[in-house]
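Everything below concerns the one structure shown next.
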Amino acid sequence: MVVSEAVPFAQTGGLAEVADALPRALVRLGHDVDVVMPRYRGIAAGTIVRRIPVAVGPNVTEVDFHAATADGVRTVFVDHPAYYDRDYLYGVAERDYADNPERFAFLCRAALSWALVEPAYDVVHAHDWQAGLVPVLIGQMFRRGTLPARLPAIFTIHNLAYQGVFDASWLPRLGLSWDMMRVDALEYWGRVSFLKAGIVFSRFITTVSPRYAQEIQMPEYGFGFDGILRERSHDLIGILNGIDYDHWNPARDANLPVPYTASDLAGKRAAKRALHETLHLPTTDDVLRKPTIGLISRLVDQKGFDLLAALADELPRLGATITLLGAGERRYEDLWLGLAARYPDRIGVRIGQDERLEHLIEGGADLFLMPSRFEPGGLNQMYSLRYGTVPLVRATGGLADTVRNFNPQSGTGTGFTFDEYSPQGLLGTLRWALGVFQDRETWTRIQVAGMQQDNSWDASARRYAEVYERAAASRVWA
Ligand code: ADP
């Protein structure tokens with residue numbers, strides 16, 4: 001795998017969690033996986049295992065490769081201090097580092113130089129735009145005879161919003177020829193896109209849920225890439241992310257006061273009380289009997305915070321307590337802090353990152369809200385299902401694939417979903433869910449159905465392994 005971040009070494013987002021959990025799950029299935037990533041500042045793990053020359057364009061650099069093995073996964077760190085020994089991974093505040101094209105072209109090139117001397121690989125799995133040049137460089141090396149076999153590449157889109165678009169003048173500096181400026185290659189509105197490189201030249205493209213794989217082929221969700229993705233429709237596969245079942249397990253969660261399981265949910269009451277205490281909300285029996293709603297999110301439009309803002313006057317009048325953990329856009333942070341100040345008996349807010357509170361909300365809330373405008377995979381709805389905290393989500397992307405809407409006729413379902421992205425769509429479903437909450441027996445049935453759903457990585461890793469095997473079968477030998 002070629003990736004720009006992986007837990008526990010470097011993380012800015014969900015990609016790093018996948019880059020940690022998926023290789024470990026593949027190893028559990030009996031596969032061998034090496035993960036190649038930059039040796040960023042602060043990474044102390046690993047020892048030097050090889051020194052290999054890496055050529056990008058006219059420049060050749062001798063690079064030390066460090067390696068560390070944990071849970072059977074070997075992580076290989078590319079040491080190029082001028083590129084990676086910096087304060088941040090991609091840039092300072094909102095500004096990307098100006099040399100990101102060469103920093104990540106170098107990562108791709110280095111990974112393939114490594115593959116040349118450790119020639120046991122059947123496939124290469126590249127993640128997001130930072131690794132998008134991998135299949136392009138494979139083609140180039142194969143044509144020049146430096147790579148004996150054409151390694152099939154699989155490319156995964158974790159977030160279509162980041163497209164690695166740069167000035168075309170980078171091409172010669174990266175050792176790429178001007179014919180890459182074709183529309184059926186890297187050209188994107190007069191510039192070059194590394195994301196497009198990954199999509200156009202890989203054997204298969206995957207993304208993190210089946211629904212999102214469909215959605216991104218439509219203009220509404222395609223971020224300008226829907227046409228490019230439609231071209232590759234036959235090779236575009238949605239595979240749901242899993243969640244870490246050890247880290248997220250209500251029966252063994254040190255952040256919860258009392259552990260619980262689907263057959264004995266009593267511990268949820270203690271978690272609810274602890275959640276209310278943590279956010280200085282009332283803990284009288286009367287209040288704890290009423291529903292508590294949880295939200296954990298980046299506070300941005302993508303996550304539906306514009307809908308929630310439009311409902312600011314309604315939220316305190318739902319007869320429920322609302323608990324929110326998040327950080328993001330200033331206007332939403334201010335709005336929620338303002339609501340908590342006005343309704344301290346009903347709304348509890350923590351702005352910032354807080355792992356313990358994250359687990360307490362997942363354990364202590366009754367209903368979890370994710371009204372996203374779009375959601376490639378989404379994690380919190382799966383944590384919620386596992387913790388018996390009924391998710392209420394907009395039916396989009398990974399949310400639509402993981403939450404089954406409650407059906408009052410059959411009594412089946414694992415949560416509540418709404419389709420129309422509007423304040424009224426959200427409010428109507430919210431009122432409905434809070435009504436169903438009054439029926440304890442039905443509510444418990446929804447909780448238990450969610451807790452029994454399998455969202456472990458093992459199932460997802462099997463799907464990836466199938467894709468690898470299909471790709472390996474198409475391997476072209478020199
Ligand atoms: P995205 O990657 O788009 O933000 P995901 O649902 O895929 O959305 O992943 C978000 C992850 O970040 C979840 O694990 C969530 O619990 C965590 N998270 C988000 N905000 C916070 C916060 N303020 N404190 C702690 N964890 C958070």
Side-chain angles (χ1 to χ4, degrees), residues 3-8 10-22 89-90 127-128 156-162 207-209 211-212 215-216 221 223 238-250 253 255-256 275 278-279 294-305 308 322-330 332-333 336-337 340 348-365 368-387 389 391-394 396-403 415 455 457 460:
V3 70
S4 59
E5 54 182 87
V7 167
Q11 175 168 29
T12 66
L15 166 63
E17 285 173 40
V18 178
D20 169 50
L22 174 58
L89 269 55
Y90 309 125
H127 297 270
D128 273 354
T156 297
I157 302 167
H158 298 264
N159 195 336
L160 195 59
Y162 298 101
T207 188
V208 295
S209 70
R211 175 72 72 102
Y212 193 61
E215 287 174 345
I216 57 180
Y221 293 95
F223 280 104
I239 302 177
L240 266 179
N241 279 340
I243 57 171
D244 186 329
Y245 264 32
D246 297 325
H247 190 62
W248 293 98
N249 180 358
D253 187 333
N255 298 295
L256 302 183
L275 169 60
T278 303
L279 290 175
L295 289 139
I296 305 168
S297 182
R298 291 186 289 121
L299 307 183
V300 296
D301 285 343
Q302 182 209 325
K303 301 292 184 179
F305 277 83
L308 291 163
I322 301 182
T323 59
L324 174 135
L325 166 65
E329 284 182 34
R330 186 63 190 275
Y332 293 135
E333 292 184 356
W336 279 92
L337 287 171
V349 170
R350 171 81 48 90
I351 300 298
Q353 300 287 319
D354 187 332
E355 169 140 11
R356 178 176 169 268
L357 184 56
E358 194 186 355
H359 285 249
L360 264 189
I361 292 177
E362 288 296 357
F368 193 93
L369 282 194
M370 274 179 96
S372 304
R373 181 184 286 274
F374 67 93
E375 194 66 74
L379 294 171
N380 288 98
Q381 83 280 13
M382 293 192 272
Y383 302 152
S384 299
L385 289 167
R386 181 133 164 97
Y387 278 64
T389 301
L392 189 164
V393 305
R394 177 152 176 270
T396 183
L399 300 173
D401 286 328
T402 48
V403 180
N455 289 115
W457 263 107
S460 308

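Counting starts at 1 for both ligands and their atoms, following the listed order. The chain is numbered in sequence order, starting from 1. This is a predicted model, so every value here is computed, not measured.
Using a 4.0 angstrom heavy-atom cutoff, Gln353 counts as in contact with ligand 1. Heavy-atom separations between Gln381 and ligand 1 are all 4.0 Å or longer. The shortest separation from a heavy atom of Gly326 to ligand 1 is under 4.0 Å, placing the residue in contact. Contact annotation: Gly378 has at least one heavy atom less than 4.0 Å from an atom of ligand 1.
Side-chain atoms of Ser209 come within 3.5 Å of backbone N or O of Pro376 as a donor-acceptor pair. In this structure, the side chain of Gln11 engages the main chain of Gly13 through a donor-acceptor pair within 3.5 Å. Judged purely by atom type and a 3.5 angstrom limit, Glu5 has no side-chain atom pairing as donor or acceptor with the backbone of Leu15. In this structure a side-chain-to-backbone donor-acceptor pair under 3.5 Å is present from Asp401 to Arg211. Listed for the Glu215 side chain is a donor-acceptor partner under 3.5 Å among the backbone atoms of Gly397. For Ser297 (side chain) and Gly326 (main-chain N/O), no donor-acceptor pair under 3.5 Å exists by modelled atom type.
Using a 4.0 Å cut-off to heavy atoms of Arg298, the atoms of ligand 1 that qualify are 1 (P), 3 (O), 4 (O). Near Tyr383, meaning under 4.0 Å from any of its heavy atoms, are these atoms of ligand 1: 14 (O). Residue-ligand proximity, Gly352 to ligand 1, at heavy-atom distances under 4.0 Å covers atoms 22 (C), 23 (N), 24 (N). Near Glu358, the atoms of ligand 1 lying under 4.0 angstrom from a non-hydrogen atom of the residue are 14 (O), 15 (C), 16 (O), 17 (C), 25 (C), 26 (N).
Residue, atom and distance of the protein heavy atom nearest to atom 18 (N) of ligand 1 are Ile296 CG2, 4.0 Å. Closest to atom 1 (P) of ligand 1, if we only count protein heavy atoms, is Lys303 NZ, 3.5 Å. Nearest protein heavy-atom contact of atom 10 (C) of ligand 1 is Asn380 OD1, 4.1 Å. In terms of protein heavy atoms, atom 9 (O) of ligand 1 is closest to Leu379 CD1, 3.6 Å. Of the protein's heavy atoms, Gly14 N, 4.2 Å lies nearest to atom 2 (O) of ligand 1.
Within a 4.0 Å radius of atom 5 (P) of ligand 1, the protein has at least one heavy atom.
The backbone of Asp354, and not its side chain, has at least one atom closer than 4.0 Å to an atom of ligand 1 (non-hydrogen atoms only; backbone = N, CA, C, O).
Between Glu329 and Arg298 there is no salt bridge, since none of the side-chain N atoms of the basic residue sits less than 4.0 Å from a carboxylate O of the acidic one.
The only member of Tyr212, Tyr162, Phe374 that meets ring-ring contact (aromatic ring centres under 6.0 Å, His included) when paired with Phe223 is Phe374.
Among the atoms of Ala327, none of the N or O lies under 3.5 angstrom from an N or O of ligand 1.
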TODO: Go through the steps to decide whether Leu385 and Phe368 satisfy the test side chain to side chain contact (heavy atoms under 4.5 Å, CB included), and finish with yes or no.
DONE: CA-CA 9 Å; Leu385 289 167; Phe368 193 93; over 6 Å; no
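Between His359 and Trp248, the ring planes are parallel. Angles under 30° get that label, and only those over 60° would be called perpendicular.
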